[in-house]
Protein chains: 2
Amino acid sequence: MENRTKIINDSLVRIYNDILWIEEKELKKSQFNDLSIKEMHAINAITMYEHKTVSQVAKELHLTPGTLTATIDRLTRKNYVTRIRSNDDRRVIRLGLTKKGRLMFRAHDAFHRMMVRNFLKDLGQDEIKTIEKALRNLELFLRERS
Amino acid sequence: MENRTKIINDSLVRIYNDILWIEEKELKKSQFNDLSIKEMHAINAITMYEHKTVSQVAKELHLTPGTLTATIDRLTRKNYVTRIRSNDDRRVIRLGLTKKGRLMFRAHDAFHRMMVRNFLKDLGQDEIKTIEKALRNLELFLRERS
DNA sequence: CTAATATAATTTGATTATCAAAGTATTCAT
DNA sequence: ATGAATACTTTGATAATCAAATTATATTAG
């Protein structure tokens, strides 16, 4: 049983290392090769139309606001992201994607969907329920430690 | 079904973001708080007694040798890692952990084991087989794209 | 057996990524 | 109205990263 734990752990670590790297490679080959992988993930956290605030996105990505400001500066310069000063509260910046940003978002999203479909390949309904249960377990464990 | 894909994808993305951050927090609270999370993962890729070469470890972590050299410099300075010049081939550096490095390795490994045990909590034998199948699916998908 | 070629690691120079702490503008609470 | 709180940006420092050049050693072709 401990042995099985180790095998599953090693598999998870490999998956963890490989995903970022493969995403990076696909990115470099694409029309969006002026972006780093971190910039891409910022775009994906910003999302298409939610107009989240800087603090919200920083929190989701576990970055300090200062770090995110720097990333947004670059993404604005490269024309993926726009800053929208809120009218309710003029301290707040809401974030939006440009047309180019939305294109990027959809491309990355498509990759993720494909990855998940492959993850679940050849699994039946009950088996998918098992996966969902395990993911809930893990999220609960992680939340306990937050 | 597409909706389910999205829910699972979002869960995976949250897990992905949270794991690094929680590992980082635990690290900061521990006796090894002079390490960054990347340095910790380098230590874990070096492993206890395999004496891997710089190129080998760089490849596993998908880093250029130059990047790893810089990390090893810091880890050597902080007394976690040792460089061992190979006698077979004097171009090669083999990497080892100091006593402190091995202590760190074991601590991180323990965290991972706990995480996996929680991931598999309350799952039966068949359910664990399902998880293993899904992870194999994912590794295969990732390997196809390497 | 040497000369060209290849390989392993390091160095260099540039850019991005990151944080903590200080600063600026705005809002909230009393 | 003013003192505290909040949202974001700036600043200064360091880590993380790469591509390309360099150094030292090995391998191979002639």
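All chains are named by letter (A, B, ...) in the order of the sequence lines, taking the proteins before the strands, and each is independently numbered beginning at 1. In this text the structure is predicted, and so the values were computed from the model without any measurement.
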Report task. Taking the side chain as every heavy atom from C-beta outward, state whether A/L135 and B/I15 have any pair of such atoms under 4.5 Å apart. Result -> yes
Query raised in the report: For C/dT18, does either OP1 or OP2 sit under 4.0 Å from a side-chain N or O belonging to B/K38?
Result: no
**Report entry** DNA chain D contacts made by residues 52-61 of chain A, counting heavy atoms under 4.0 Å
**Finding:** A/T53, A/V54, A/S55
Query raised in the report: Contact class for B/R94 vs. all strands (heavy atom < 4.0 Å): base, sugar-phosphate, or nothing?
Result: nothing
Query raised in the report: Has A/T69 got a side-chain N or O lying under 4.0 Å from the OP1 or OP2 atom of D/dT9?
Result: yes
Query - Candidate nucleotides D/dA26, C/dT26, C/dT10, ranked by approach to the side chain of A/R91 - the nearest - result: C/dT26
Query raised in the report: With the threshold set at 4.0 Å, does a side-chain nitrogen-carboxylate oxygen contact exist between B/D109 and A/K6?
Result: no
Query raised in the report: Under 4.0 Å between a side-chain N/O of B/T64 and OP1 or OP2 of D/dC18, yes or no?
Result: yes
**Report entry** Distance in angstrom units between A/I72 CD1 and C/dT18 C1', rounded
**Finding:** 15 Å
Requested in this report: Give a yes/no on whether any side-chain N or O of A/S36 is located under 4.0 angstrom from OP1 or OP2 of C/dT16.
Outcome: no
Report task. Indicate, with a heavy-atom threshold strictly under 4.0 Å, whether A/H62 touches base, sugar-phosphate, or nothing. Result -> sugar-phosphate
Query raised in the report: On a plain distance test, is the side chain of A/R90 in donor-acceptor contact with the base of C/dT26 below 3.5 Å?
Result: no
Query raised in the report: Tell me: CG of B/D88 to C1' of C/dT7, nearest whole Å?
Result: 15 Å
